[in-house]
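Notes to accompany the following structure.
Fair warning: this is a prediction, and the values are worked out from it, not measured in the lab.
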Amino acid sequence: MTYIPSEKRYDAAPFRRCGQSGIVLPPVSLGLWQNFGGADVFETGRAVIRRAFDRGVTHFDLANNYGPPYGSAEENFGQILRKDFAAHRNELLISSKAGWDMWPGPYGIGGSRKYLLASLDDSLTRMGLDYVDIFYSHRPSPDTPLEETMGALAHAVRHGKALYVGISSYSPESTREAAAILKSEGVKLFIHQPSYSMLNRWIEHGLLDTLAEIGAGCIAFSPLAQGLLTSKYLKGVPENSRATAQGSSLQKEFLSDENLKRVRALNEIAASRNQTLAQMAIAWVLRDSRVTSALIGARNVEQLNDSLDALNNLTFTEAELHAINTHAQDTGIDLWKGAREGTA
């Protein structure tokens, strides 16, 4: 059946300005980190992307190694673009990234010019695109001069393969330096993609201020703390959950008694707001206007709808914020700290 997007897809979409650019992003964007790879059901992912667009989600975030297997999320997304969105490419913001491991050998990881630009070409081929809207350095690379990494991003813009560039998991200091290098190349740092949630608040200690000063946007990934900030773990760890999967981003030690106690307390606050815990977690990330968008994943349409319904209540009272702050504290779940600090 031919897909016809909803004519009302923009009626209630409260877009937010991305830094000091001319671009706005939806308050909730869809990431294809998991659930859209070759190991997943294609039609389920296709239905999620269709539904997201029908509800005003225009930004779809990918990376070279999203899957599994690596590259398959971009391949599947490319098929969906051709089947359903060929006439709507100009309505979409599509991003990709390179930095983490992608292929064997020393040229398949890091921040070198060779790796980033080769990876970008491969990503464009997999998705069937002439350009991406945003191309990211997916992580800092301590073994590569920052000038080389940012030079590669600038090259992508100058050669029409990316319209904007971003960085992910960079410290405030490295972010400021990256922005200065890009500026010297005649390219503006468009956006930063950090991890951020009620249980992982590192960006409040300098990064948000830095982004505001340099005029870059912020798209927060993992606002649900790798699934911890959902109803799934309120009664313990269910079988076949992400926490029991090999190689999962939600490690078993994150599900400590202390963390689960915090999650249950936050769930009670969410219930008092007539929200699910996931909805409140997304709304909380968006309470700060410096956060342009919350980047979510979705296993199915039902899960997507629940997350997008967070937009029905983005307002917090001072009493609610105070109550949340009692339980919303850093809990050691930041998997990307090592990359940011140059230890991973």
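With 3.5 Å as the limit, one finds a donor-acceptor pair spanning the side chains of Tyr66 and Lys97. Between the side chains of Thr210 and Arg176, a donor-acceptor pair is found at a separation under 3.5 Å. Counted by atom type alone, Thr58 and Glu91 present zero donor-acceptor pairs between their side chains at under 3.5 Å. Using a 3.5 Å distance cut-off with no hydrogens or angles, the side chains of Glu148 and Thr144 do not pair a donor with an acceptor.
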Between Trp103 and Tyr115, does a side chain to side chain contact (heavy atoms under 4.5 Å, CB included) hold up when you go through it step by step?
CA-CA 10 Å; Trp103 58 78; Tyr115 174 49; 3.6 Å; yes
Stepwise, does the side chain to side chain contact (heavy atoms under 4.5 Å, CB included) test hold for Leu266 with His327?
CA-CA 7 Å; Leu266 291 168; His327 309 287; 4.0 Å; yes
Derivation of the side chain to side chain contact (heavy atoms under 4.5 Å, CB included) call for Leu207 and Trp202
CA-CA 8 Å; Leu207 182 64; Trp202 73 273; 3.5 Å; yes
After noting the C-alpha distance and the side-chain angles of Met127 and Val132, does the key distance pass the side chain to side chain contact (heavy atoms under 4.5 Å, CB included) rule?
CA-CA 9 Å; Met127 291 187 284; Val132 290; 3.9 Å; yes
Checking side-chain hydrogen bond (donor to acceptor under 3.5 Å, both in side chains) for the pair Gln279/Ser307: CA distance, chi angles, key distance, verdict?
CA-CA 6 Å; Gln279 289 166 356; Ser307 293; over 6 Å; no
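Expressed to the nearest 0.5 Å, how far CE of Met198 lies from CG of Leu224 amounts to 8.5 Å. Taking CG of Asp121 as the start and NE2 of His159 as the end, the distance is 10.5 Å to the nearest 0.5 Å. The line from CZ of Arg158 to CG of Leu153 is 10.5 Å long, rounded to the nearest 0.5 Å. Remark: Gln329 CD to Glu258 CD distance equals 8.5 Å, nearest 0.5 Å. The CG atom of Asn76 sits 10.0 Å away from atom CZ of Phe36, with the distance rounded to the nearest 0.5 Å. Interatomic distance, Ile134 CD1 to Cys18 SG, rounded to the nearest 0.5 Å: 6.5 Å.
Under a cut-off of 6.0 angstrom, the local environment of CG in Asp130 is sparse, with at most 12 non-hydrogen atoms contributed by other residues, nucleotides or ligands. The local environment of CD in Glu302 is sparse, with at most 12 non-hydrogen atoms from other residues, nucleotides or ligands closer than 6.0 Å. Remark: His322 NE2 is loosely packed, at most 12 non-hydrogen atoms of other residues, nucleotides or ligands lying under 6.0 Å away. Residue Lys337 places its NZ atom among 12 or fewer non-hydrogen atoms of other residues, nucleotides or ligands, all under 6.0 Å distant. When the shell of 6.0 Å around CZ of Phe42 is examined, it contains more than 12 heavy atoms from other residues, nucleotides or ligands.
When all heavy atoms are compared, the tightest approach of Val48 to Asn300 is CG2-C, 3.5 Å. Nearest approach of Cys218 to Arg290, heavy atoms of both residues: CB-O, 3.5 Å. The heavy-atom pair separating Pro140 from Ala339 by the smallest distance is CG-O, 3.5 Å. Contact record, Ala225 with Leu199: CB-CD1, 4.4 Å, taken as the closest heavy-atom pair. Between Arg82 and Arg126, the shortest heavy-atom contact is NH1-O, 4.4 Å. Counting all heavy atoms, side chain and backbone alike, Phe15 lies closest to Pro26 at CD2-N, 3.5 Å.
Of the possible polar contacts, none joining the Asn267 side chain to the Val263 backbone as a donor-acceptor pair under 3.5 Å is found. Side-chain atoms of Asn64 never come within 3.5 Å of backbone atoms of Ala98 as a donor-acceptor pair (strictly under, hydrogens ignored). At least one donor-acceptor pair under 3.5 Å links the side chain of Gln275 to the backbone N or O of Asn313. Without hydrogens or angle criteria, Asp84 side chain to Tyr3 main chain gives no donor-acceptor distance under 3.5 Å. The main-chain N or O of Gly227 is found under 3.5 Å from a side-chain atom of Thr230 such that the two form a donor-acceptor pair. Here the side chain of Asn65 pairs a donor or acceptor atom with the backbone of Asp101 at under 3.5 angstrom. Within the 3.5 Å criterion, the main-chain N or O of Ala328 finds a donor-acceptor partner in the side chain of Arg201. In this structure, the side chain of Thr149 engages the main chain of Gly111 through a donor-acceptor pair within 3.5 Å. Arg16 contributes a side-chain N or O that, together with a main-chain N or O of Thr292, makes up a donor-acceptor pair within less than 3.5 Å. Side chain of Ser72 to backbone of Gly37: no donor-acceptor contact under 3.5 angstrom is found.
Under the salt bridge (charged side-chain N to carboxylate O under 4.0 Å, His left out) criterion, Arg51 pairs with no residue at all, not counting sequence neighbours. Arg89 meets the salt bridge (charged side-chain N to carboxylate O under 4.0 Å, His left out) test with Asp133; sequence neighbours excluded.
Under the 4.5 Å side-chain heavy-atom criterion for grouping Ile, Leu, Val, Met, Phe, Trp and Tyr, Val41 is not connected to Leu62 through any hydrophobic cluster. Residues Tyr107 and Trp100 fall within the same hydrophobic cluster, defined by Ile, Leu, Val, Met, Phe, Trp and Tyr side chains chained together at heavy-atom separations under 4.5 Å. Clustering ILVMFWY residues whenever any of their side-chain heavy atoms sit less than 4.5 angstrom apart, transitively, puts Ile109 in a cluster other than the one holding Leu117.
Counting heavy atoms from C-beta on, the side chains of His59 and Leu30 never come closer than 4.5 Å. By the 4.5 Å heavy-atom criterion applied to side chains, Leu163 and Val157 are not counted as neighbours. When side chains are defined from C-beta on, Met280 counts as touching Arg273, because their heavy atoms get closer than 4.5 Å.
Cation-pi geometry between Lys161 and Tyr131 is not met at under 6.0 angstrom from the ring centre and within 45 degrees of the axis. The side-chain tip of Arg46 does not point at the ring of Phe77 from less than 6.0 angstrom away and within 45° of straight on.
Taking the six-membered ring wherever Trp is involved, the centroid distance between the rings of Trp284 and Tyr196 falls below 6.0 Å. Side-chain rings of Trp336 and Tyr170 stay apart, their centers remaining 6.0 Å or farther from each other. Centroid-to-centroid, the aromatic rings of Phe53 and Phe60 stay 6.0 Å apart or farther.
When Ser293, Ser29, Ser95 are each tested for a side chain to side chain donor-acceptor pair (under 3.5 Å) with Asp61, only one passes: Ser95.
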